[in-house]
Every structure is written in structure tokens, then in C-alpha cells.
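What follows is a short report on a single structure.
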Amino acid sequence: MDLAKKDHLAWLPLAGLLAVVVLAWCSATGCWSATDFSRPPSYLEDPSKSDIEWVYATLKSNTVGEVPPLAWKTVSRLNAPFTANWTDWPSLDELHGLALLILANLFGVFGGLTAALLLGHLLAAGTFYGVARANGTSQLWSGVGGLAYGLAPFMFAQSPHHSGVQWAWHVPLFTLVWRWVATDPGIEPWSRRFKQATGIGLLTGLLNVYYTNILCQLTLLGAVIRYLRTRARPALLAALAVIAAAAIGFFGSNLDTWTYKAVNGPNEGALVREYKWLEIYGLKIKDLFIPPVTHRSDAFQAFGIEHRKQAVLNDEDGSPYQGIVGIACLLWLAGTAVARIASGREKEVPIEAWWVLWIVLMFTTGGLNAILGAFGFTMFRTGARYSIVILAITLLWAARHLSEMQENTERKQHSVMTDWRWPTAAAIACLAILWDQVPRPPTAETIAAIKRQVEADREFTEKMESSLPQGAMVFQMPVMEFPESPLPGVPSYDHFRPYLFSKHLRFSFGTHKGRDRERWQPAVQGKFFEGAKLDQQAGMIRVDKSNARAAVDELKRLGFSAIYINRNGFPDRGKGVEDALLELGYTKPPIRNATGDLACIVIEQDGAR
């Protein structure tokens, strides 16, 4: 085969890698058809993924153009009788938000999220492959590493509720910057490498801030150490330019939040990060070795379940697991570093080992990040998320060294033929990755439950809309703050459910907490239950009729046409509220969903006697 033909076919290994990733992802998610693609990947069945309703609400808002990137974000059909403010919460990944906006408009709310998740896996595999090749790694081992990274257990664990965190596809690019700033000749200002590094910084600043944080940390650390060693001032300034580019991306992403606060005043209550979460969600070395509860192996799954039962501090969602191949690479890197230090060859310790050590020291439970948290900086509470950075580092290092070992072996054999043992080892590694890292698909029962829940909420919302006038406002009980404010029996974002399927109704839930304007909601609910008593014999809350009338009159004065009840939020399943409204003359039968947890009672002006 001539060289021209070889160059023409150079894309085939990458195409093959991406095809395998797609098939593996389809196997893990059970998405094999257009119908599967358009169904929600999760809904209410998994309490550990309760953020999913907020994700869907964001996508729904995207489809009507109300949550634009880089601009103030208001949602007209939430926080009735006002509009919902979604700008007080910092924008962590505006570029990802733009992708969601496009995909939601192309494929709908559920299909758009599914497309974003698949794209995250494909970009991760492709980026890893490109970085590995740039490092001089062979196509064979670049492909194996790309498969391991593109199917990282971390990415499956973050799906679908943390799609912004799941988008860790750009992390392998960080290793290029870290090596450039820490080794000779550094990054010469305005060179091609300088432009590439600052481009990576800007891109990272526009994506999830967790990854921006670690890019800047290790870039600064490497540059400062090299400067102290060589006094190379231009290279240090170039490294600072990379950090500045990341800061520009981050500033651009959060310009909407900062300008909103400048105009409307600060809102310290919107984003609350308690110190305890730095301890609970910190990186734990043992969790790098604990398989997820979705593992295909019954034995591995049982081990993961038992560990999570026994452990006092569990990570956020079981995502740090490195996989068998990743664990082997991590142990190989650690063993190499220890062996060279023990033999007095500290200068030969792989730089990747120092990167991993810094991440562990910084983000492990009780580490440097926790010390910063003790002084009030609690932004990066989930140190376990940096496990994906460790995986990228160790896989890239191992892939490059395997390529070097293969090349050296074949050179010694004086043969132009590939030693069959290396492709065999690569094939075994790929099989191990597919068996170990691709989770078991959702069961038929789970898929049926999701479909049943979705259809019940869709039908319930349609009944509400047919019973209420265009643009009617619905007051939601129990009153809940947003975001991250669950109540017993009601996850943080459960009140978004009717909004997902509504075409014209307005709902009281859904604006960022912390501002005075929304304090009227708990006041009205408090008035409703003022003087209420728990009737233990009847198993219900007895609501005072006069107080209930005063609360309903206030709602009607504000223009509300109905009261929505999430029955899971009341000890008597909302019976006391329904009986009180019945006594007030609202005798029209409540609208209920098929699963029995939601009810809606119409309180139009002519409904009361």
C-alpha cells in the first residue's frame, strides 16, 4: 500500500473507535431505535438522580427561547404571578448550555438530552484519541485508551442528571498544557503552542467550572515550579495567559449573573454550599476501586451495593470507579514512581505521577480543598469529580508507554511485521473495558415505569389545561424553594413535572431562592395551615376553615385559578387540604394523575359559595 493511500485511510481507526462507543452506549442505555432515543433516560424512579427534572425544565425553557446563553435568564411560566429568575445561580457551563439549546430544539426535551449524553461520550473518545496521537502514541493504543476514556464509568454515573459534568471530553487536552508549561522549552509567547494552549484555556472556561479549576491549578503550579528552576519569565507569562484565557471564558459565562446582581442587588441565599459536603463528597482513594451498583457482573454489583451500605461517607453518585484497565494504569504509574524514588532517581519520576498526587492532596476528604472550605471557600464541594481527571492522566501515560514498549520490542526483532502479541493484548484490554465499564441496561420494568410515570403526568397536565383558561396560574403546594431545597417526600425539583408537559399554564414554583419578592408564598401557605390540628384518629390534618378561606382569597386576589397538591409532601397525603377546599364550596372533583401522587383543585371565582 502506498503512503498516499495510507494517509487516506488514517481516519479509519478513529471511525472504528467511535462506532464501538456508539454501540456500547446503545447497549448501556437500551437506545436502539428512534422511539428509544426520544424517551426520557430517567424520570422519577431513581432518587439519586433527582436533579433530572431541573435538567428537563431547562431544556423545556430552551425550546421556547427563555434560557439563552450569556444573557439574563427568565422563565415566564414559572414563579407566577411573576416570572422566574434563573440568573442568580452562577452559569457553570454556557457552551454546554448552547449545545443543549440546539439539541432540544432539534430532538425535543427528552431526545435533546439523550443526544447530548451520547455526544459527550463520542467527544471524549475522539479527543482522547487525538491527544494520544499528538503525544506520539500508536493508533492501536490510542484507540484502546480512547475506548476506556469514552466509556468511562464516571460518564455513565453522571448521566443523565449532571450532563454538564458528564461533558469531561476536553480534560485530556489539559495534559498538553500541563506538560508544555512544566518542561522545556515551555510555551513561547505568541507561538503556535501559545495559541493552542490559550484556546484550550478559553474553551475550558466556557465549560464546567470544576474542570476550569483543575486546569488553572496545575497550569499555575507547573509554571511556577519551572520558573523557580529556570527563571524563564516569558514562559511563566505565557502560562499566566492560559489561566487568563480560562478566566475570560468563565467571566463570559457568568457575565449574566454578575450584571443581574449589579442591577438587582446581591442574592447570597441563591447558592449555598455547606462545609460538610466537602467532607462527604470529597475524593476518596478507595472509591477509585469500588465498582458501581450498575455493574454488569452480579458479584461486582453486590460488592458495590454492600460498600455503599457500610460506608459512612459516600461519594455523590458512585462515579470515581476507574475500571479494571484504569486501575491497572493507575497502579502501574504509582509503582513506577515509587520504584524510581526508592532507587534514587527522583528526576525520572513521571510528571503524570505528580499531577495525580496533587489532585489527591487537593481534593481528597480532609485535603487542601477542605482547608480552603474551612475559610469559607466551599464552591468545589464534590472532589470526587476529579476522578475523571486522574483517569485521563493515567490512561494517556500508559498508552504512550505501551506504544514505546511495542516499538522497542519490534525494533529489536528487526521485523517490519507487527508482533501479534501486542494486538492480542489490546484486544483483551478492549474486551475488559466493554465488560467492565459498560453498565447493565435499564430493565424492561424500569423502562415501563418511566413510560407510565411520564404518560400519567402528561395526561394529568392535559386535564388541567382543559379545565383551566388559557394562561391560568396554578399555586403549588407544599411551597418549596428552588434550587436544592427538598422536603420530606418531595425531591428538590418535583414541582417541575407539570411544567414539562404544559402548553400555556403558569406555575408558582421555580425561581431562585434568596430574594424578598418570593416570600409571599410560604406566608400564604402558613396562613392556610394556621390553627390546623393533626387528627391522629382520622389520620389527617384538620384545617381551620376561616384561615383556609383567607389563604384562598389571597390566591384568587393574585389571580390564581387552581391549587396543585403534591400529596407526597403531606403526612395525610393532602386530604386535609382537599377537605378544607371542599368545605369552602369547591366541590368540583379534583384532577388526579394516574399514579395517585398529584392533584389539582380549581378555585375559579364562581367555584365558591
Side-chain angles (χ1 to χ4, degrees), residues 40 43-44 53-54 56-57 59-61 63-64 66 75-84 108-110 450-480 482 489-491 493-511 521 524-525 528 548 551-570 573-582 584-608:
Y43 195 61
L44 307 177
E53 274 72 42
W54 185 5
Y56 292 147
L59 287 161
K60 171 67 179 287
S61 301
T63 62
V64 294
E66 291 192 320
V75 185
S76 61
R77 293 202 283 117
L78 296 175
N79 193 39
F82 310 108
T83 58
V109 170
F110 302 135
I450 291 174
K451 182 178 179 181
R452 184 168 57 252
Q453 292 161 351
V454 168
E455 290 307 313
D457 285 358
R458 191 191 307 277
E459 181 184 22
F460 171 72
T461 306
E462 289 174 352
K463 288 180 179 179
M464 289 174 62
E465 294 200 317
S466 65
S467 301
L468 294 168
Q470 184 86 11
M473 296 191 298
V474 180
F475 184 74
Q476 294 177 277
M477 296 177 65
V479 170
M480 297 178 66
F482 166 76
V490 186
Y493 312 114
D494 213 64
H495 276 348
F496 280 134
R497 289 161 60 186
Y499 169 68
L500 300 180
F501 305 102
S502 171
K503 295 181 178 64
H504 62 76
L505 295 179
R506 299 178 63 197
F507 300 91
S508 60
F509 176 72
T511 196
Q521 292 196 33
V524 169
Q525 180 174 263
F528 197 100
V552 173
D553 287 346
E554 177 66 13
L555 290 176
K556 290 163 66 175
R557 185 188 68 81
L558 291 169
F560 284 90
S561 299
I563 295 177
Y564 163 105
I565 302 170
N566 188 316
R567 302 179 69 203
N568 295 325
F570 297 93
R573 301 282 290 168
K575 190 175 188 313
V577 176
E578 293 187 17
D579 283 1
L581 293 173
L582 180 65
L584 292 178
Y586 301 102
T587 57
K588 187 175 180 179
I591 304 165
R592 303 187 188 278
N593 70 337
T595 53
D597 60 334
L598 304 180
C600 179
I601 299 173
V602 177
I603 57 166
E604 290 179 310
Q605 294 291 339
D606 59 353

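Every value quoted in this text rests on a predicted model; they were computed, and no experiment measured them.
Scanning both residues, Ile565 and Phe570, for their nearest heavy atoms gives CG2-CE1, 3.7 Å. Pro478 and Gln525 make their closest contact through CA-OE1, 3.2 Å (heavy atoms, listed as atom of the first residue, atom of the second, distance). Taking both residues in full, the closest heavy atoms of Glu578 and Pro590 are given as OE1-CG, 4.0 Å, listed atom of the first, atom of the second, then distance. Here the closest heavy-atom approach between residue Lys60 and residue Leu500 is recorded as NZ-O, 3.3 Å. The minimum heavy-atom distance between Arg497 and Thr595, with the atom names listed, is NH2-OG1, 4.5 Å. Closest approach of Phe496 to Glu53, counting heavy atoms only: CD1-O, 3.9 Å.
Annotation: side chain of Tyr499 is in contact with side chain of Leu78 (closest heavy-atom distance under 4.5 Å). When side chains are defined from C-beta on, Ser508 does not count as touching Tyr564, because their heavy atoms never get closer than 4.5 Å. Taking the side chain as every heavy atom from C-beta outward, Tyr493 and Tyr56 never approach each other to under 4.5 Å.
Atoms CZ and CG, on Arg592 and Leu598 in that order, are 10.5 Å from each other to the nearest 0.5 Å. Note that CG of Leu581 and OG1 of Thr587 are 11.0 Å apart. Values are rounded to the nearest 0.5 Å. In this structure, the separation between CD1 on Ile563 and OH on Tyr586 is 8.0 Å, given to the nearest 0.5 Å. Thr461 contributes atom OG1, which lies 8.0 Å from atom CG of Leu505 (distance to the nearest 0.5 angstrom).
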* To do: Start with the C-alpha distance between Phe501 and Val454, add both sets of side-chain angles, then the distance that settles side chain to side chain contact (heavy atoms under 4.5 Å, CB included), and finish with yes or no.
  => CA-CA 9 Å; Phe501 305 102; Val454 168; 3.8 Å; yes
* To do: Report the C-alpha separation of Asn593 and Asp597 in whole Å, then their side-chain angles, then the decisive distance to 0.1 Å, and conclude whether the side chain to side chain contact (heavy atoms under 4.5 Å, CB included) test is met.
  => CA-CA 7 Å; Asn593 70 337; Asp597 60 334; 2.7 Å; yes
* Check the pair Lys556, Val552 against side chain to side chain contact (heavy atoms under 4.5 Å, CB included), reporting the backbone distance first and the verdict last. => CA-CA 6 Å; Lys556 290 163 66 175; Val552 173; 3.7 Å; yes
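Under the 3.5 Å distance criterion, with hydrogens and angles disregarded, a donor-acceptor pair is assigned to the side chains of Asn568 and Arg573. Side chains of Glu66 and Ser76: a donor on one and an acceptor on the other come within 3.5 Å.
Of the possible donor and acceptor atoms, one in the side chain of Arg567 sits under 3.5 Å from a partner among the backbone N and O of Gly596. No side-chain donor-acceptor contact under 3.5 Å links Lys588 to the backbone of Val602.
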Please report, to 0.1 Å, the donor-acceptor pairs under 3.5 Å made by any side chain of residues 464-476, with sequence neighbours excluded.
from, atom 1, to, atom 2, distance (Å)
Glu465, OE1, Lys503, N, 3.4
Glu465, OE2, Ser502, OG, 2.8
Glu465, OE2, Lys503, N, 2.6
Glu465, OE2, His504, N, 2.9
Ser466, OG, Glu462, O, 3.3
Ser466, OG, Lys463, O, 2.9
Ser467, OG, Lys463, O, 2.9
Gln476, OE1, Phe509, N, 3.1
Gln476, NE2, His495, O, 2.8

